[in-house]
Amino acid sequence: MHHPGPGQVPVLNSRFLTAGGRPLTERLKRAPWDKLVADQQLVRGTPAVPALLSHSALDDEVPQQVGRTLAADWCRRGATVKFSGDHAPGHIAATAATSSEGRRWPADRFAGRSAPSTC
């Protein structure tokens with residue numbers, strides 16, 4: 001874990017979460033993970049339903065700009081997308097920070113509420 005100075009947010013680096021000390025990004029380049037990741041590339045399609053895309057500015061694995069670019073691409077292709085940026089520390093910890101919005105999103109869709117869009 002990065003030990004922050006005064007006023008800084010701690011950042012968890014995934015190399016501290018693996019047995020060999022290599023970051024998650026290195027492991028994802030090797031079989032069988034490389035093919036699994038390639039098969040799930042979000043940039044290949046366009047959501048047919050409204051999408052919530054949440055991404056932290058402090059993500060230590062995937063830069064937030066990747067998420068912003070994906071949202072913009074989906075918007076250009078006609079999808080309804082809400083991009084929700086935050087400042088949760090790290091890649092894994094960001095899921096906890098956005099879980100309340102992530103739970104509300106599908107509940108609102110099933111309740112017939114219109115999906116907000118940042119397009």
Side-chain angles (χ1 to χ4, degrees):
M1 167 141 351
H2 164 72
H3 295 286
Q8 292 181 324
V9 176
V11 176
L12 180 62
N13 189 311
S14 66
R15 69 186 176 93
F16 298 117
L17 303 174
T18 61
R22 289 190 310 268
L24 180 62
T25 51
E26 282 186 33
R27 292 184 177 279
L28 294 178
K29 293 176 186 174
R30 298 185 358 218
W33 307 110
D34 56 346
K35 180 167 176 12
L36 292 169
V37 169
D39 289 346
Q40 295 183 41
Q41 296 262 330
L42 297 174
V43 297
R44 293 183 179 171
T46 303
V49 297
L52 170 64
L53 208 157
S54 179
H55 205 136
S56 174
L58 301 177
D59 190 321
D60 61 329
E61 295 296 330
V62 180
Q64 187 186 55
Q65 188 56 48
V66 172
R68 289 186 180 282
T69 299
L70 178 60
D73 289 347
W74 283 349
C75 287
R76 274 193 294 282
R77 293 185 213 151
T80 299
V81 182
K82 178 184 179 197
F83 181 83
S84 181
D86 58 57
H87 289 85
H91 186 76
I92 306 291
T95 59
T98 60
S99 63
S100 64
E101 185 176 23
R103 282 190 308 271
R104 279 192 317 268
W105 180 266
D108 286 348
R109 302 302 70 78
F110 286 116
R113 295 182 192 94
S114 296
S117 176
T118 55
C119 292

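Start at 1 with the first residue, then count along the sequence.
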Under the salt bridge (Lys or Arg N to Asp or Glu O under 4.0 Å) test, residues paired with Lys29 that sit two or more places apart
none

Tell me every residue that passes salt bridge (Lys or Arg N to Asp or Glu O under 4.0 Å) with Glu26, counting only those two or more places apart in sequence or in another chain.
Arg22

Within residues 105-119 or reaching into it, pairs that qualify as side-chain hydrogen bond (donor to acceptor under 3.5 Å, both in side chains) - sequence neighbours excluded
Asp108-Arg113

Side chains of Asp59 and Gln64: does their closest heavy-atom pair fall under 4.5 Å?
no

Can you name the closest pair of heavy atoms from [X] and [Y] and give their distance?
| X | Y | result |
| --- | --- | --- |
| Pro106 | Gly102 | CD-O, 2.9 Å |
| Ala71 | Leu53 | N-CD1, 4.1 Å |
| Leu58 | Pro89 | CB-CA, 4.0 Å |
| Ser56 | Ala94 | CB-CB, 3.9 Å |
| Pro116 | Thr80 | O-CG2, 4.1 Å |

Can you see whether Glu101 engages Ser54 through a side-chain donor-acceptor pair at a distance of less than 3.5 angstrom?
no

Side-chain heavy atoms under 4.5 angstrom apart, residues restricted to Ile, Leu, Val, Met, Phe, Trp, Tyr: same cluster for Val37 and Leu24?
yes

Linked, directly or transitively: Phe83 and Trp74 (ILVMFWY side chains, under 4.5 Å)
yes

Trace of the side chain to side chain donor-acceptor pair (under 3.5 Å) decision for Asp60 with His91
CA-CA 6 Å; Asp60 61 329; His91 186 76; 5.4 Å; no

When rounded to the nearest 0.5 angstrom, what distance separates CD in Glu61 from CD1 in Ile92?
7.5 Å

Say you draw a straight line from CZ of Arg27 to CZ of Arg15; how long is it, rounded to the nearest 0.5 Å?
13.5 Å

Can a donor-acceptor pair be found, under 3.5 Å and without considering hydrogens, that links the side chain of Arg77 to the backbone of Pro47?
no

